[in-house]
Structure formats: C-alpha cells, structure tokens
Visitor: 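My questions will all concern the structure given below.
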Amino acid sequence: MKVIVAGAGYAGTLAANRLAKKAPGAEITVVNPRPEFVERVRLHQRIAGTGRAATPLAEMLRAGIRTRQAAVEKIGDGCVMLDGGETLDFNYLVLAVGSTLAPLPGTVPVGTWEGAGQARAALAALPAGAAVTVVGAGPTGIETAAEIAHARPGLTVRLVGRDFAASLSAKARARVRTGLERLNVTVLDDTVTEVRDDGEVLLGSGGRLASDLALWAVIGAVPDLAARSGLEVDERGRALVDEYLRSTGDPRIVVAGDCAAVPGSRMSCQTAEPQGAHAADTVARMIQGRPLKPYSVDYVATCISLGRRDGVIQPSHRDDSPRRRFLAGRAAAMTKEGVVRGARFSARTGIGATGLPGSK
Ligand SMILES: Cc1cc2nc3c(=O)[nH]c(=O)nc-3n(C[C@H](O)[C@H](O)[C@H](O)COP(=O)(O)OP(=O)(O)OC[C@H]3O[C@@H](n4cnc5c(N)ncnc54)[C@H](O)[C@@H]3O)c2cc1C
C-alpha cells in the first residue's frame with residue numbers, strides 16, 4: 001500500500017511515524033517543501049534569536065519512511081502532482097499542509113519559516129530606540145511581542161489588535177497584559193489598516209504610529225491546495241472531513257491539523273497532533289480492513305510564553321473553554337517549554353494524544 005503524507009509539520013510528521021509503526025508494510029512517502037521539520041511554535045524565538053526552530057527531517061522520521069523535498073501542487077484521482085512536475089500514486093493520502101498568513105503589504109509574516117527569517121534579519125538590523133509593531137493580539141502576536149521585548153529591551157514594542165487573548169479567562173487575560181507591561185510592551189486595542197512606504201502604521205481608529213518594522217501575526221488562511229484540487233472546503237479553505245477525518249469528497253484522503261475543518265477545533269499544535277495520530281490510525285484501519293473509530297476534540301490548556309521567564313498556562317475544559325484557575329510566572333514559562341519539547345517528542349515518536357502536546 002502506498003501512503004503519501006503531504007506536509008511535515010506537527011500533524012504530518014506524527015502521522016507518518018505512527019503509521020510506520022501501525023502499518024509496517026505500508027510504503028510511506030512524506031512530501032515537504034523543506035528538508036527540515038519546522039517547529040512553528042518556536043518561530044517567535046527564531047525571530048528574537050532565543051531558540052532554534054528546525055530539525056532535519058532525517059532525524060525526525062522513522063527509518064524506512066521516504067521523503068521528497070517538494071510541494072504538492074495538486075491532488076488528483078489517486079495521485080499527487082508535485083511542483084517539479086513529478087506525479088506520485090497513492091492508495092491513501094494524509095493531507096497535513098497546515099496554515100499560512102495573508103500579511104498586509106508592508107508587514108513581515110511571523111508564522112512561516114521564510115517570514116521568520118526575514119523578520120529576524122530586519123530585527124537584528126534595528127538600532128536601540130527603534131519601534132516594532134506586532135499586528136494581531138492572539139497568542140502568536142502576544143508571544144512574538146513578548147519575545148522581542150525580552151530579547152531586545154532597548155526597542156519600543158507595541159502590540160496592535162482586537163480580541164486580546166480572547167481564549168483566556170478574564171483573570172488570565174489581565175495577567176498576560178501585566179506580563180507584557182512588565183516587558184514594556186504597549187498594547188493597543190485597534191486594527192492596522194495600512195503600512196506606508198516610510199513604515200508609518202495607520203490604525204482603524206484614525207491614529208498613526210511611526211514604526212521601523214511591522215510584523216504580521218494573524219494566522220487564519222490555509223494553503224489553497226484542497227480547494228484547487230476540487231475537495232470540499234469550508235469558507236476558510238479548510239478541507240471538510242467526516243467523523244473519521246476523511247475528506248468528504250474522497251475517503252482515501254485523511255486530513256489533519258490546521259488545514260482540516262473539524263467542528264469545534266482551532267488551529268493549534270494541540271489540535272494538530274491528536275489529529276495527526278487519529279489520521280494515522282484511520283489509514284492503518286482502512287489498510288487492515290478494520291472498523292474506523294470517530295475522532296473527538298479534547299483540549300487540555302492554552303499556554304502562552306511571555307519571553308523566557310514568564311508565561312500563563314490556562315487549563316481548559318475538553319471543549320476548550322477556559323477553567324477558572326491558571327498558572328503564571330516562571331513556573332508557567334518552564335511548563336510551556338516542557339510542552340513545546342513534548343510536542344516535538346510526540347511528532348518524532350508518533351505517540352499522540354498523550355496530553356503532553358497541549359498548548360494553545
Ligand atoms: C509564532 C507561533 C507560535 C505558536 N505557538 C503555538 C503554541 O504555543 N501552541 C500551539 O498549540 N500552537 C502554536 N502555534 C500554532 C501552531 O504552530 C500550528 O497550529 C501548528 O503548527 C499546526 O500544525 P500542522 O501540522 O497542521 O501545520 P504546520 O506545522 O504548519 O505544518 C505544515 C507543513 O506542511 C508543509 N506544506 C505546506 N504546503 C505544502 C504543500 N503544498 N505540499 C507539501 N507540504 C506543504 C509546510 O511547509 C509545513 O512543513 C504557533 C504558531 C506560530 C506561528
């Protein structure tokens with residue numbers, strides 16, 4: 001049986017490694033544009049120069065799993081077309097191409113490897129006193145602003161966005177705000193409508209900010225591969241799936257992670273890894289002719305780092321709604337670091353749904 005895994009992020013890497021254990025006879029090929037596994041949850045560290053975010057795929061994938069450094073251009077009837085023109089046949093496909101960003105012109109996206117590299121170089125070139133504007137007040141924007149302020153205290157850092165830390169309880173949200181204030185990050189409840197050629201940032205409220213670097217930290221788009229290939233997608237372009245994570249348009253295709261439209265789930269590593277595990281199990285069961293098991297969403301916590309020495313861990317109910325209590329400070333920062341290491345460990349070993357990969 002030939003299985004192709006498109007995308008070697010958290011969902012795809014975990015799925016490939018798990019499938020290699022569960023269906024040892026399968027010929028598994030992982031297709032990914034880069035030869036590395038990119039820890040997206042560390043990209044803000046790559047920008048600020050406080051951590052590494054890439055590991056060679058050869059160190060992440062089990063022996064016997066093949067790799068192709070390419071992007072899947074289109075999914076056809078039992079085959080994929082790669083960007084180099086090659087076609088690969090499959091019996092089953094795990095679609096795990098993640099999410100992407102649609103940055104406002106004049107901003108640098110922080111959620112891609114390339115964007116993070118560009119942001120890192122631009123940041124390194126800024127002199128003390130320069131101003132950085134981070135757009136997006138969700139966890140990615142908060143972590144990015146905090147990491148930069150922690151690493152470069154001489155810079156002026158602002159965070160601009162609506163719905164600040166919306167997934168947290170009111171008290172945890174207030175604690176995140178305090179943590180940012182301690183790092184001298186200014187939080188503006190506003191939108192960015194334009195970034196001018198001279199760097200000036202125009203706000204929805206009519207305000208203007210002189211800025212030397214604007215970073216786009218709003219993750220909401222997904223690659224248009226599924227839509228382009230004629231699969232059924234939702235309004236955001238995520239592939240529609242049945243209860244076993246199979247594409248509603250083609251049951252040979254199992255979808256996991258940010259690019260899967262699973263009701264009640266949000267784009268996160270905590271979602272991608274259990275879905276990657278479930279996708280592998282679904283494929284293994286289809287190969288073996290065994291009954292399939294439905295997937296169910298099960299959240300643990302939202303974890304936000306505020307630089308390297310502070311953070312907030314917000315435990316959640318299974319449906320992702322926040323619990324009353326939360327953890328903050330250095331213990332939370334250490335917990336978050338453990339969670340990030342756990343997520344990488346899970347991807348490498350194929351052990352999913354342990355609760356470890358939990359975080360936002
Ligand atoms: C700065 C930052 C901090 C974050 N922090 C957290 C956090 O603390 N906790 C948390 O849970 N989440 C966090 N997230 C979100 C988390 O990173 C994503 O939700 C997670 O990476 C999704 O996993 P995935 O496997 O679906 O996609 P990805 O990890 O994005 O992997 C997708 C892979 O598919 C590849 N690909 C794309 N197109 C193609 C194609 N056409 N063909 C083949 N391969 C392709 C990509 O190159 C990539 O390797 C953070 C994100 C950012 C940017």
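Ligands are counted one by one from 1 in listed order, and the atoms in each one are counted from 1 as well. Heavy atoms only: backbone and side chains are in, while hydrogens, waters and symmetry mates are out.
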Visitor: Should you measure from each heavy atom of Ala96, which atoms of ligand 1 turn up under 4.0 Å away?
Guide: 32 (C), 33 (C), 34 (O)

Visitor: Check the pair Thr87 / Leu82 against side chain to side chain contact (heavy atoms under 4.5 Å, CB included), numbers first and verdict last.
Guide: CA-CA 6 Å; Thr87 299; Leu82 306 186; over 6 Å; no

Visitor: Under 4.0 Å from ligand 1, counting heavy atoms only, is it the side chain of Arg34, its backbone, both or neither?
Guide: neither

Visitor: Just jot down the ligand 1 atoms closer than 4.0 angstrom to any heavy atom of Ala11, in number order.
Guide: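 Answer for ligand 1: 25 (O).
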
Visitor: In ligand 1, which numbered atoms sit nearer than 4.0 Å to a non-hydrogen atom of Gly7?
Guide: 33 (C), 34 (O), 35 (C), 43 (C), 44 (N)

Visitor: Thr144 versus ligand 1: do any nitrogen or oxygen atoms come within less than 3.5 Å of each other?
Guide: no

Visitor: May I ask you to check whether Thr248 and Asp242 show a side-chain donor-acceptor distance below 3.5 Å?
Guide: no

Visitor: Flag yes if more than 12 heavy atoms outside Arg34 fall under 6.0 Å of its CZ atom; otherwise flag no.
Guide: yes

Visitor: Verify the neighbour count for atom CZ of Arg325: are there more than 12 heavy atoms of other residues, nucleotides or ligands below 6.0 Å?
Guide: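 Atom CZ in Arg325 is not packed in, count stays at 12 or less.
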
Visitor: Which atoms of ligand 1 are found less than 4.0 Å from any heavy atom of Gln270?
Guide: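 Those of ligand 1 that fall under 4.0 Å from Gln270 are 11 (O).
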
Visitor: Could you verify whether a donor N or O on one side chain and an acceptor N or O on the other, from Thr55 and Arg344, lie under 3.5 Å apart?
Guide: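 Per modelled atom types, Thr55 and Arg344 side chains form a pair under 3.5 Å.
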
Visitor: If we only consider heavy atoms of Val38, is any one of them less than 4.0 Å away from an atom in ligand 1?
Guide: no

Visitor: Should you measure from each heavy atom of Val72, which atoms of ligand 1 turn up under 4.0 Å away?
Guide: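 So the atoms of ligand 1 that pass are 40 (C), 41 (N), 42 (N), 43 (C).
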
Visitor: Count the heavy atoms of every other residue, nucleotide or ligand shown that sit under 6.0 Å from CG of Asp198, and state whether that count exceeds 12.
Guide: yes

Visitor: For the residue pair Arg46 and Trp113, would you count it as a cation-pi contact if the rule is NZ or CZ under 6.0 angstrom from the ring centre and within 45 degrees of the ring axis?
Guide: yes

Visitor: For atom 27 (O) of ligand 1, which candidate among Gly98, Ala343, Ala256 holds the nearest heavy atom?
Guide: Gly98

Visitor: Quick check on contacts: which atoms of ligand 1 are under 4.0 angstrom from a heavy atom of Lys336?
Guide: 7 (C), 8 (O)

Visitor: Does Arg228 have more than 12 heavy atoms from other residues, nucleotides or ligands lying within 6.0 Å of its CZ?
Guide: yes

Visitor: Do Ala70 and ligand 1 have an N or O pair less than 3.5 Å apart?
Guide: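 Such a contact does not occur with ligand 1.
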
Visitor: Got a sec: does the NZ of Lys171 have more than 12 other heavy atoms crowding it under 6.0 Å?
Guide: no

Visitor: With a heavy-atom distance limit of 4.0 Å, tell me whether Ile219 approaches ligand 1 through its side chain, its backbone, both, or neither.
Guide: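 It is the side chain that touches ligand 1; the backbone stays farther off.
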
Visitor: Under 3.5 Å, N or O to N or O, is Thr140 touching ligand 1 that way?
Guide: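 No; the residue has no nitrogen or oxygen that sits under 3.5 Å from a nitrogen or oxygen of the ligand.
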
Visitor: Check this for me - ligand 1, His44, N or O atoms closer than 3.5 angstrom, yes or no?
Guide: no

Visitor: Any chance CG of Asp77 has more than 12 other-residue heavy atoms, nucleotides or ligands included, within less than 6.0 Å?
Guide: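 No.
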
Visitor: So if I count the atoms of ligand 1 from 1 in the order they appear, which ones are less than 4.0 Å from some heavy atom of Gly257?
Guide: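 Counting from 1, the qualifying ligand atoms are 26 (O).
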
Visitor: Pull out every atom of ligand 1 sitting under 4.0 Å from any heavy atom of Gly111, numbered as shown with elements.
Guide: 53 (C)

Visitor: Would you indicate which of Gly276, Ala71, Gly9 comes nearest to atom 29 (O) of ligand 1 when only heavy atoms are counted?
Guide: Gly9

Visitor: Please say whether the positively charged group of Arg318, taken as NZ for Lys or CZ for Arg, lies over the ring of Tyr299, i.e. under 6.0 angstrom from the six-membered ring centre and within 45 degrees of the axis.
Guide: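 The answer is no, since Arg318 fails at least one limit relative to Tyr299.
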
